[in-house]
Amino acid sequence: MLTARFDRHVYAPHSHAEYTIGVCVGGSEVIDYRGGRLHVGLGEIVVLEPGEVHTGGPGTTEGYAYRALYVPPPLLAEATEAPSHFAAPVVDDPALAAALRTAHTELSASPADALEAESRLSWLLGALAHRHGSARPVRDRVSGAGQIARAVRDRLADELLAPPALTDLAADFGLSRYQLLRAFRDTMGLPPYAWLAQHRVARARVLLEHGLRPAEVAGLVGFADQAHLTRWFRRVLGVTPAAYRNSVQDGPR
């Protein structure tokens with residue numbers, strides 16, 4: 001993942017072995033690509049394919065800013081039957097652009113376990129390939145989805161301190177990561193990392209009610225640190241762990 005802002009810098013012609021997927025978050029950018037010139041405006045997605053020579057520079061005197069992902073081809077191909085080709089490199093999809101920007105921002109700024117990063121990025125890349133790529137989507141509704149999801153849920157609950165990677169969970173059932181995400185979301189109503197976070201929050205509540213401090217609780221339920229616990233605790237319950245602990249300690253037992 002890369003976050004960048006430039007006022008005047010222009011990249012020399014170069015290429016990458018990965019897909020470059022960027023969201024313009026400030027100003028505008030011009031890119032020489034495939035013999036033409038791309039104009040990427042605020043909130044637009046640009047997808048540059050592996051091996052394609054390109055440049056990059058400011059579209060106006062205001063400069064440009066972007067958040068980018070460098071994605072190995074096999075990862076982008078998990079949701080499709082073949083590697084995706086993007087005939088239109090500039091993608092106007094405000095909802096997907098916002099989701100990519102949010103995921104990039106949150107995963108860059110705060111601790112996140114591998115399961116969360118893998119789940120969020122796999123799902124968003126699958127959506128990009130489905131909506132705007134050329135390849136046919138894989139069959140993502142799998143037989144026995146409910147049974148698979150419940151088995152994954154139980155394993156996550158048992159291994160909340162060191163949850164397995166999404167890759168390993170999917171391999172256990174002979175599925176791609178995208179297929180497993182679809183099965184779990186359809187059954188549980190949310191992705192595996194979010195279910196696990198809520199389970200951790202429920203465990204954290206019990207420990208806070210017994211008087212443990214938030215810094216102690218975070219590690220005991222599998223969060224990276226107190227800030228990671230606080231982010232999810234507030235998201236699920238609307239208060240910080242410290243405020244919750246204080247309210248419990250001050251109230252009747």
Does [X] use its side chain to pair, donor to acceptor, with the backbone of [Y] at less than 3.5 Å?
X      : Y      : answer
Thr55  : Asp32  : yes
Glu49  : Phe86  : yes
Glu118 : Thr167 : yes
Tyr19  : Ser84  : yes
His104 : Leu2   : yes

Once the angle between the rings of [X] and [Y] is folded into 0 to 90°, is it parallel (under 30°), tilted (30 to 60°) or perpendicular (over 60°)?
X      : Y      : value
Phe6   : Tyr64  : tilted
His16  : His14  : perpendicular
Trp232 : Tyr193 : perpendicular

Transitive ILVMFWY side-chain link [X] to [Y], under 4.5 Å:
X      : Y      : result
Ile45  : Leu107 : yes
Val53  : Leu48  : no
Ile21  : Tyr70  : no
Leu212 : Val239 : yes
Ile148 : Leu196 : yes

Between [X] and [Y], is any pair of side-chain heavy atoms under 4.5 Å apart?
X      : Y      : value
Leu125 : Val71  : yes
Arg182 : Trp123 : yes
Leu169 : Arg155 : yes
Pro50  : Pro73  : yes
Ser15  : Glu52  : no
Val248 : Leu208 : no
Arg205 : Leu237 : yes
Leu69  : Leu100 : yes

Item to check | Audit row: Glu116, Arg200, salt bridge (Lys or Arg N to Asp or Glu O under 4.0 Å) steps and yes/no | outcome: CA-CA 13 Å; Glu116 178 178 354; Arg200 285 170 167 166; over 6 Å; no
Write down the atom of [X], the atom of [Y], and the distance for their closest heavy-atom approach.
X      : Y      : result
Pro137 : His130 : CB-NE2, 3.4 Å
Pro164 : Leu115 : O-CD1, 3.9 Å
Ala204 : Leu229 : CB-CD1, 4.0 Å
Leu166 : Ser122 : CD2-OG, 4.4 Å
Ser28  : Thr60  : OG-CG2, 3.6 Å
Pro192 : Leu181 : CD-CD2, 3.6 Å

Next on the checklist: Check this for me: Arg203, atom CZ, are more than 12 non-hydrogen atoms of other residues, nucleotides or ligands nearer than 6.0 Å?
Outcome noted: no
Checklist entry - Any chance CZ of Arg213 has more than 12 other-residue heavy atoms, nucleotides or ligands included, within less than 6.0 Å? => result no
Item to check | SB check Asp154 Arg150 (cutoff 4.0 Å) | outcome: no
Checklist entry - Is the shortest side-chain N to carboxylate O distance from Glu216 to Arg245 below 4.0 Å? => result no
Checklist entry - Is the closest side-chain donor-acceptor distance between Thr3 and Arg67 under 3.5 Å? => result yes
Next on the checklist: Determine whether Phe223 and Phe233 satisfy the following criterion, side-chain contact (heavy atoms from CB on, under 4.5 Å), listing intermediate values before the conclusion.
Outcome noted: CA-CA 11 Å; Phe223 286 113; Phe233 206 93; over 6 Å; no
